[in-house]
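Taking it in order: structure first as structure tokens, then the write-up.
When a residue number appears, it is its place in the shown sequence, counting from 1. All values reported here derive from a predicted model rather than from experimental measurement. Remember, it's 1-based here, ligands and their atoms both numbered in the order they're listed.
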Amino acid sequence: MEKFAIAIHGGAGTILRSSMTAEKEMSYKNGLKDALGAGEKILSSGGTSLDAVEAAIISLENNPLFNAGRGAVFTNEGKNEMDASIMEGNTLMAGAVTGVKNIKNPITLAKTVMQQSEHVFLSGLGAMEFAEKMKLEFAPDEYFFVQQRYDQLLQAKETDSIILDHTETKISGKDKTGTVGCVALDVHGNLAAGTSTGGMTNKKFGRVGDSPMIGAGTYANNNTCAISCTGHGEYFIRAVVAYDISCLMEYKGLTLKQACDFVVNKKLVTFGGEGGLIALDAKGNIELPFNSEGMYRASLKSQEELFIGIYKD
Ligand code: ASP
């Protein structure tokens with residue numbers, strides 16, 4: 001059998017063993033396993049990495065545990081505004097959306113932008129109008145209402161703070177992760193990457209993070225790697241994290257591991273940017289680095305054991 005590989009994340013941040021119950025840990029692990037399985041099914045039957053990335057992310061978007069799709073966090077106005085992006089490594093084609101509401105699966109909208117529009121990045125009402133035209137599935141506000149996410153908003157409003165999933169706050173310990181992402185390599189040797197998020201609780205002014213930005217939160221190039229990030233978006237944008245790793249490989253000849261170590265554990269740390277990423281190169285090497293307390297993550301290579309991790313050790 002030809003080789004394939006896939007990795008996913010469900011957000012990075014202050015994820016401590018001490019604030020986790022066995023039951024909660026099991027639900028996260030099952031959510032990650034299901035998503036990985038959805039991608040693996042496509043890859044093992046010869047499907048494309050792009051379709052596998054979409055399928056894995058849809059599974060995470062449909063799971064209220066994660067801050068994407070159904071479980072997206074609330075904005076200051078009590079809405080769920082979502083961002084997503086996807087990129088294909090053989091063509092360098094990409095699609096992205098930001099600030100979309102009531103779209104059941106923002107990752108599918110990003111893929112549709114890539115495949116059926118002449119653009120890369122659509123925002124807000126325009127993106128939703130495009131979704132309607134393409135007959136994508138919409139869901140009512142109630143579908144996105146998750147009580148625990150709403151409680152997070154009320155608490156964030158009390159202190160007028162804008163809360164990233166992974167920031168230590170007085171409500172840490174409650175489930176606040178996380179943005180989701182997937183990178184995949186198919187049996188045809190093509191890489192793809194995708195990321196989807198609700199952004200941050202109590203966000204205002206149309207704030208956009210790194211997740212929908214090609215080069216910052218998501219990047220894929222068959223010559224180098226596929227990357228999906230999670231963390232404090234403002235820092236990831238300024239450090240152009242995903243593309244930076246690709247550049248270090250392309251122009252400086254670094255290995256995937258060397259490039260990831262440098263960007264996540266040196267550059268971002270110096271900047272003060274907390275978070276992590278999942279990375280995969282065209283040979284099937286996988287790296288899952290993070291500089292936070294934890295990162296929900298899982299990976300699988302053909303004919304190898306599934307890996308699931310949450311904490312640092
Ligand atoms: N990077 C995302 C953002 O800044 C948040 C996250 O990864 O948790 O919107």
Heavy-atom donor-acceptor pair, Asn63 side chain to Gly31 backbone, under 3.5 Å:
no

For His9, which part has a heavy atom under 4.0 Å from ligand 1: side chain, backbone, both, or neither?
neither

Under 4.0 Å, counting heavy atoms only: does Arg207 come that close to any atom of ligand 1?
yes

Just which atoms of ligand 1 are under 4.0 Å from any heavy atom in Thr230?
6 (C), 7 (O), 8 (O)

In terms of side-chain geometry, is the basic nitrogen of Asp141 or Lys101 positioned less than 4.0 Å from the acidic oxygen of its partner?
no

Using a strict 4.0 Å cut-off to heavy atoms of Asp210, name the atoms of ligand 1 that fall inside it.
1 (N), 2 (C), 3 (C), 4 (O)

Determine, step by step, whether Ile310 and Lys29 satisfy the side chain to side chain contact (heavy atoms under 4.5 Å, CB included) criterion, reporting the C-alpha distance in whole Å, the side-chain angles of both residues, the deciding distance to 0.1 Å, and the verdict.
CA-CA 9 Å; Ile310 298 180; Lys29 284 187 172 167; 4.2 Å; yes

Show which atoms of ligand 1 fall inside a sub-4.0 Å distance from at least one heavy-atom site of Thr179.
2 (C), 5 (C), 6 (C), 7 (O), 8 (O)

With atoms numbered from 1 as shown, which atoms in ligand 1 lie under 4.0 angstrom from a non-hydrogen atom of Ser211?
1 (N), 2 (C)

Report yes or no: does a heavy atom of Gly199 sit under 4.0 Å from some atom of ligand 1?
yes

N or O pair under 3.5 Å between Gly233 and ligand 1:
yes

Test side chain to side chain contact (heavy atoms under 4.5 Å, CB included) on Tyr311 and Glu25 and set out the steps.
CA-CA 11 Å; Tyr311 317 102; Glu25 191 175 300; 2.8 Å; yes

Taking Gly217's backbone N and O only, do any of them form a donor-acceptor pair with Ser211's side chain (distance below 3.5 Å, no angle check)?
no

Does Gly178 have a non-hydrogen atom less than 4.0 Å from ligand 1?
no

With a 6.0 Å cut-off (strictly less than), is the heavy-atom count around NZ of Lys252, excluding the residue itself, greater than 12?
no

Donor-acceptor contact present, side-chain Ser302 to main-chain Phe4, <3.5 Å:
yes

Are any of the N or O atoms of Gly231 closer than 3.5 Å to those of ligand 1?
yes

